[in-house]
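One structure is given here, and the rest of the page talks about it.
The structure presented is a predicted model; accordingly, all values stated were derived computationally and were not measured. Numbers restart at 1 for each chain; the letters A, B, ... are given by sequence-line order, proteins then strands.
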Protein chains: 2
Amino acid sequence: MSNAEALPEAAPGRAVAPCCPPLTERPFTAEEAETAAPMFKALGDPVRLRLFSAIASHEGGEACVCDISDVGVSQPTVSHHLKKLKEAGLLTSERRGTWVYYRVEPSVLAAMGQLLAVNAATA
Amino acid sequence: MSNAEALPEAAPGRAVAPCCPPLTERPFTAEEAETAAPMFKALGDPVRLRLFSAIASHEGGEACVCDISDVGVSQPTVSHHLKKLKEAGLLTSERRGTWVYYRVEPSVLAAMGQLLAVNAATA
DNA sequence: TCAAAACATCGACGAACGTCTATGTTGACG
DNA sequence: CGTCAACATAGACGTTCGTCGATGTTTTGA
């Protein structure tokens with residue numbers, strides 16, 4: 001695309017973290033649905049789910065592509081899916097030397113978990 | 001498991017409830033990913049997310065189609081999406097007179113919530 | 001018995017998706 | 001320098017998806 005400037009990363013897709021109430025609380029508005037659906041959609045592919053799980057379960061919540069690219073598809077396909085996950089706000093990436101490390105956005109897991117919360121009475 | 005089904009009524013796509021460990025626990029296998037991804041995929045569409053939320057938040061966790069069909073798409077499209085949610089194991093349906101009532105499968109919310117569990121420091 | 005309401009199914013169409021091969025870009029190292 | 005490794009991008013191709021209008025099925029009720 002372009003040369004890397006001093007800009008670290010500025011929200012590639014949309015804001016994801018604090019988006020919506022639990023699904024069981026009240027009917028989602030069209031806006032809320034448009035915001036939350038892409039997160040589910042991003043995890044709705046088996047390969048992406050494996051990649052995400054591999055990163056999320058990796059030490060430190062991050063992994064380089066070479067550590068997780070054994071999912072049965074070609075390298076460009078892995079790259080494609082990681083990009084999708086990144087665009088959905090679920091992952092961030094950082095280059096360190098030759099390798100690129102992907103990291104799970106922690107707030108995302110919390111947000112999605114809250115969407116599906118079964119009201120465990122933690123109040 | 002307190003539910004002993006006596007009627008051979010269930011004809012869903014696949015078992016959904018107790019499928020997989022948390023995403024952050026260990027890398028998903030191909031099998032686990034193939035099992036869990038359809039649930040996320042089913043919620044990955046804004047219209048389906050609104051329908052699901054409308055049903056889940058409705059009184060008693062169920063609603064007839066006429067109560068939730070105001071999502072901006074045609075009636076066949078609503079029917080199509082409800083079928084998709086049903087095939088994914090997220091909903092069940094029951095006919096009562098003229099109306100068809102859809103209900104959220106409670107174990108599904110628990111299962112998906114567990115997938116996204118953030119390990120609340122149990123060690 | 002006939003009509004209307006609620007919902008499902010069918011068939012079609014454009015858009016989006018997942019995958020691949022080929023190629024480009026970036027950094028490390030002789 | 002040049003070359004290799006890691007990863008991204010581009011383009012293509014078949015498949016799936018979301019949507020619609022038209023039609024079918026089931027139930028209620030006059």
Next on the checklist: Regarding V47(A), tell me which of base, sugar-phosphate or nothing describes its non-hydrogen contacts under 4.0 Å with the strands shown.
Outcome noted: sugar-phosphate
Checklist entry - What does Y101(A) touch in the nucleic acid at a heavy-atom separation under 4.0 angstrom: a base, only the sugar-phosphate, or nothing? => result nothing
Item to check | Intermediate values then yes/no, side-chain contact (heavy atoms from CB on, under 4.5 Å), F40(B) and M112(B) | outcome: CA-CA 9 Å; F40(B) 289 104; M112(B) 294 194 70; 3.7 Å; yes
Could you tell me how far apart [X] ([atom1]) and [N] ([atom2]) are, to the nearest whole angstrom?
{"X": "R48(A)", "N": "dA16(C)", "atom1": "CZ", "atom2": "P", "value": "15 Å"}
{"X": "H81(A)", "N": "dG18(C)", "atom1": "NE2", "atom2": "P", "value": "6 Å"}
{"X": "L49(A)", "N": "dG18(C)", "atom1": "CG", "atom2": "P", "value": "13 Å"}
{"X": "W99(A)", "N": "dA5(D)", "atom1": "CH2", "atom2": "P", "value": "12 Å"}
{"X": "L51(A)", "N": "dA8(D)", "atom1": "CG", "atom2": "C1'", "value": "15 Å"}
{"X": "L82(B)", "N": "dG18(D)", "atom1": "CG", "atom2": "C1'", "value": "14 Å"}
{"X": "Y102(B)", "N": "dA6(C)", "atom1": "OH", "atom2": "P", "value": "15 Å"}
{"X": "E94(A)", "N": "dT26(C)", "atom1": "CD", "atom2": "P", "value": "18 Å"}

Checklist entry - Got a sec, which pairs hit salt bridge (charged side-chain N to carboxylate O under 4.0 Å, His left out) with one end in residues 70-85 of chain B, sequence neighbours left out? => result none
What are the two closest heavy atoms between [X] and [Y], and how far apart are they?
{"X": "A42(B)", "Y": "A88(B)", "result": "CB-CB, 3.5 Å"}
{"X": "L49(A)", "Y": "A36(B)", "result": "CD2-CB, 3.7 Å"}
{"X": "V100(A)", "Y": "S93(A)", "result": "CG1-CB, 4.1 Å"}

Without swapping roles, check the side chain of [X] against the backbone of [Y] for a donor-acceptor pair under 3.5 Å.
{"X": "S69(A)", "Y": "V65(A)", "answer": "yes"}
{"X": "E32(A)", "Y": "T29(A)", "answer": "yes"}
{"X": "E25(B)", "Y": "P22(B)", "answer": "no"}

Checklist entry - Under 4.5 Å between any side-chain heavy atoms of I68(B) and L82(B), yes or no? => result yes
Checklist outcome for this item: The side chain to side chain contact (heavy atoms under 4.5 Å, CB included) partners of E105(A) (sequence neighbours excluded) come to T92(A), S107(A), V108(A)
Item to check | For T98(A), all residues meeting side chain to side chain contact (heavy atoms under 4.5 Å, CB included), sequence neighbours excluded | outcome: none
Output a table of nitrogen or oxygen pairs between the protein and nucleotides 9-15 of chain C separated by less than 3.5 Å.
none

Checklist outcome for this item: In 5'-to-3' order, the base (B), backbone-only (S) or no-contact (-) status of each nucleotide in nucleotides 24-30 of chain D, using a 4.0 angstrom heavy-atom cut-off, is --BSS--
Checklist entry - How does each nucleotide of nucleotides 11-16 of chain D score, in 5' to 3' order, for protein heavy atoms under 4.0 Å: base (B), sugar-phosphate only (S), or none (-)? => result ------
Next on the checklist: What residues from residues 52-69 of chain B pass a heavy-atom cutoff of under 4.0 Å to DNA chain C?
Outcome noted: C64(B), V65(B), C66(B)
Checklist outcome for this item: Sequence neighbours excluded, the answer for side-chain hydrogen bond (donor to acceptor under 3.5 Å, both in side chains) partners of E62(B) is R96(B), R103(B)
Item to check | Contacts of type side-chain hydrogen bond (donor to acceptor under 3.5 Å, both in side chains), residue S74(B), not counting sequence neighbours | outcome: T77(B)
Next on the checklist: I need the full list of side chain to side chain donor-acceptor pair (under 3.5 Å) pairs touching residues 41-58 of chain A, with sequence neighbours left out, sorted by first then second residue.
Outcome noted: R48(A)-H81(A)
